[in-house]
> 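Dumping the structure here so I can ask a few things about it.
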Amino acid sequence: MKAEHYVGGAFRSDGSAFPLVDPVTGTESGAVPEATREIVDEAVRAGRAALDGEWGAATTEERAAALRRIADGIQARFEEFVDAEVADTGKPRALAETVDIPRAIGNFRAYADLLYGRPERAYTTAVPGWSGGTGQALNYTVRRPLGVVAIISPWNLPLLLLTWKVAPALAAGNAVIAKPSEETPSTATLLASVMHEAGLPAGAFNLVHGHGAGAAGEFLTGHEGVDAIAFTGESATGAAIMRNAADHVTPLSFELGGKNPALVFADADLEAAVDGTVRSSFTHSGQICLCTERVYVQRAVFEEFVAALAEKTRTLTGYGPMISAGHRDKVLSYYRLAADEGATVVTGGGVPVFGDERDAGFYVEPTVLTGLPETARTVREEIFGPVCHVAPFDTEEEAVRLANDSPYGLASTVWTRDLSRAHRVAPRIETGIVWVNCWNLRDLRTPFGGVKASGIGREGGEYSLDFFSEPVNVCIQI
Ligand code: NAD
């Protein structure tokens, strides 16, 4: 499909373009327009005009109805969205059908529903207050949108992660300029056409394509007309955006990288822990920010766990490629580094051979490693591929210490049948999310985000609406 910008209610693809590459076959599959600074400027102006016009005047009810029309519009073109997501990412079709596209629809429905739990100008409180000796005053608080917000998203769950921010941003009454990853422009373009068909006022949602550094991403995040930035991607990119946004003190919401630990205690249901770790390490070929890359197993069951994990990993079929040749090379460089650092490669470690067109694609083998010290770069740095390192531990105290010994703090998983242990350990792990005996079980109202280098702020339910709006106190002297 053809990627296009969507600015001020109109589609366009003028200017230069760069090739889109199919990660399954390594061949060119399309062209993506590269937004210039002028196009980004136009998008910012269009967003501002929408806020000064019809979109800014829309009521809660109208905004909620718009979100529902968008959800219905994606639903009506479900197969088209699945095709586009599979074509851009190479991910298994079943994953796009059960996770990416349904969750995108769910994101719009969830925020349409939430708007009714949160009345217009929410958090309004009317209290005759203390006024510093000058008489009684009535204070109340209104929430207003931040304005024109830039939303920058990665390639791993393109539509899911984009809509996870677009839905609450629109729900709260902002105008949006979305910039999806340059690797995955297609479902964002389809989303723009759904917005158009849904009759969203021109300029409420704008889409610009292009690269990050020195291009559309940087133009947006340094733009003085952008009132807030919501970003999902690498921690190093977050740092670059922060520097770029500093001049205008632009508010930021960051969902960044991870090096997520799983703790498997000897009292765990071992079969469930093995199955769960295969899922948490290898879903989408490890290209989910929540994927497990560090597994710590209590020594009594270490050998048994590693053998079962390797066995199960060897049977994986139908997995997708890395997103690009560059990312494949990065993951393979970590496979080589692990060997240089002295790892035992229990299974995987190379490139699979299929004997078909996929051999020219960007595949790597699901890989299980053991034997590395905690100081190894392979254990400390985010690889973002289908690989985990498994290490033994002896005590609960040591398990918590190992889990926390990381610059990252996004998500963790604890496998145990001891309820007290689960409650003891979970709050001590320095991650934004702790799953017990499960992985990636999500309720969209719960806080989602990371600590340390994994992010700033929380998304989900009210948390997103809080970021995308600002409380303003009104004080009236009586
Ligand atoms: P990335 O940081 O390379 O790119 C993400 C987006 O930022 C892209 O749209 C890119 O064009 C843009 N960008 C790049 N440099 C920029 C700059 N200087 N200024 C403005 N924009 C810029 O990340 P990626 O490779 O697309 O995605 C993988 C990373 O995302 C991993 O680190 C992963 O852990 C993280 N991630 C985090 C979450 C989360 O919720 N915490 C979810 C998914 C992915």
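Since we're looking at a predicted model, the values are computed, not measured. All ligand and atom numbering here is 1-based and tracks the order in the structure.
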> Taking 4.0 angstrom as the limit and counting only heavy atoms of Ala213, give me the atoms of ligand 1 inside it, by number and element.
15 (N), 16 (C), 17 (C), 18 (N)
> Does a donor on one side chain sit under 3.5 Å from an acceptor on the other, for Thr189 and His209?
yes
> Can you sort out which atoms of ligand 1 are near Asn156, meaning under 4.0 Å from one of its heavy atoms?
43 (C), 44 (C)
> Are any non-hydrogen side-chain atoms of Val297 and Trp415 less than 4.5 angstrom apart?
no
> Please report which non-hydrogen protein atom sits nearest to atom 32 (O) of ligand 1, along with the residue it belongs to and the distance in Å to one decimal place.
Glu382 OE1, 2.6 Å
> Hey, does Glu234 come in under 3.5 Å of ligand 1, counting only N/O atoms on both sides?
yes
> Quick check on contacts: which atoms of ligand 1 are under 4.0 angstrom from a heavy atom of Leu161?
42 (C), 43 (C)
> Do Asp227 and Arg48 sit within salt-bridge range, that is, some charged N less than 4.0 Å from a carboxylate O?
yes
> Any nitrogen or oxygen of Phe384, side chain or backbone, less than 3.5 Å from one on ligand 1?
no
> Is the closest heavy-atom distance from Pro180 to ligand 1 below 4.0 Å?
yes
> Can you tell me which residue and heavy atom of the protein come closest to atom 12 (C) of ligand 1, and the distance to 0.1 Å?
Ile152 CG2, 3.7 Å
> Strictly less than 4.0 Å: does any protein heavy-atom distance to atom 4 (O) of ligand 1 fall in that range?
no
> Do Lys165 and Glu459 sit within salt-bridge range, that is, some charged N less than 4.0 Å from a carboxylate O?
yes
> Which residue owns the protein heavy atom closest to atom 10 (C) of ligand 1, what's the atom, and how far is it?
Glu182 OE1, 3.6 Å
> Of the protein's non-hydrogen atoms, which lies at the shortest distance from atom 35 (C) of ligand 1, and what is that distance?
Gly233 O, 3.3 Å
> Under 4.0 angstrom from ligand 1, any heavy atom of Gly455?
no
> Would you please determine whether Ser181 falls within less than 4.0 Å of ligand 1 on a heavy-atom basis?
yes
> What is the nearest protein non-hydrogen atom to atom 42 (C) of ligand 1, stated with its residue, atom name and distance?
Cys289 SG, 2.8 Å
> Taking N or O atoms only and a 3.5 Å limit, does Ser454 qualify as a polar contact for ligand 1?
no
> Quick one: are Tyr319 and Pro366 in side-chain contact, heavy atoms under 4.5 Å?
yes
> Trp155 and Phe384: ring-ring contact (aromatic ring centres under 6.0 Å, His included), yes or no, with the steps?
CA-CA 12 Å; Trp155 48 258; Phe384 216 55; 5.5 Å; yes
> Could you tell me whether Arg12 and Glu42 have a side-chain N and a carboxylate O separated by less than 4.0 Å?
yes
> For atom 22 (C) of ligand 1, which candidate among Pro154, Ala453, Pro158, Gly212 provides the closest heavy atom?
Gly212
> According to the interplanar angle, ranging from 0 to 90°, do the rings of His211 and Phe18 count as parallel (below 30°), tilted (30 to 60°) or perpendicular (above 60°)?
tilted
> I need the atoms of ligand 1 closer than 4.0 Å to a non-hydrogen atom of Glu218, numbered in the order shown.
19 (N), 20 (C)
> Between Arg45 and Glu38, is the closest basic N to carboxylate O distance under 4.0 Å?
no
> Considering only heavy atoms of Leu410, which atoms of ligand 1 have at least one such atom less than 4.0 Å away?
41 (N)
> Among protein heavy atoms, which sits nearest to atom 14 (C) of ligand 1, and what does the distance come to when rounded to 0.1 Å?
Thr237 CG2, 3.4 Å
> Establish, from distance only, whether the side-chain atoms of Ser16 and Glu34 form a donor-acceptor pair under 3.5 Å.
no
> Looking at non-hydrogen atoms alone, which of Gly257, Gly222, Gly217 comes nearest to atom 20 (C) of ligand 1?
Gly217
> Which of the numbered atoms in ligand 1 are below 4.0 angstrom from a heavy atom of Ile241?
19 (N), 20 (C), 21 (N)
> Evaluating non-hydrogen atoms only, which member of Tyr408, Phe231, Phe448, Trp155 is closest to atom 26 (O) of ligand 1?
Trp155
> Any idea which protein heavy atom is nearest atom 8 (C) of ligand 1, and the distance to it?
Ser153 O, 3.4 Å
> Write out the residue and atom name of the closest protein heavy atom to atom 41 (N) of ligand 1, then the distance separating them to 0.1 Å.
Leu256 O, 2.8 Å
> Against Lys259, only a single residue in Glu382, Glu293, Glu430, Glu381 fulfils salt bridge (Lys or Arg N to Asp or Glu O under 4.0 Å); can you say which?
Glu293
> Can you see whether Glu365 engages Tyr335 through a side-chain donor-acceptor pair at a distance of less than 3.5 angstrom?
no
> Please find the pair of heavy atoms, one from Glu182 and one from Gly212, that lie closest to each other, and give the distance.
OE1-N, 4.4 Å
> Look at Asp113 together with Arg68 and state whether they make a salt bridge at an N to O cut-off of under 4.0 Å.
yes
> Examine the side chains of His5 and Asp14 and answer whether a donor and an acceptor come within less than 3.5 Å of each other.
no
> Quick one: which ligand 1 atoms are inside 4.0 Å of a heavy atom on Thr232?
5 (C), 36 (N), 37 (C), 38 (C), 39 (C), 40 (O), 42 (C), 43 (C), 44 (C)
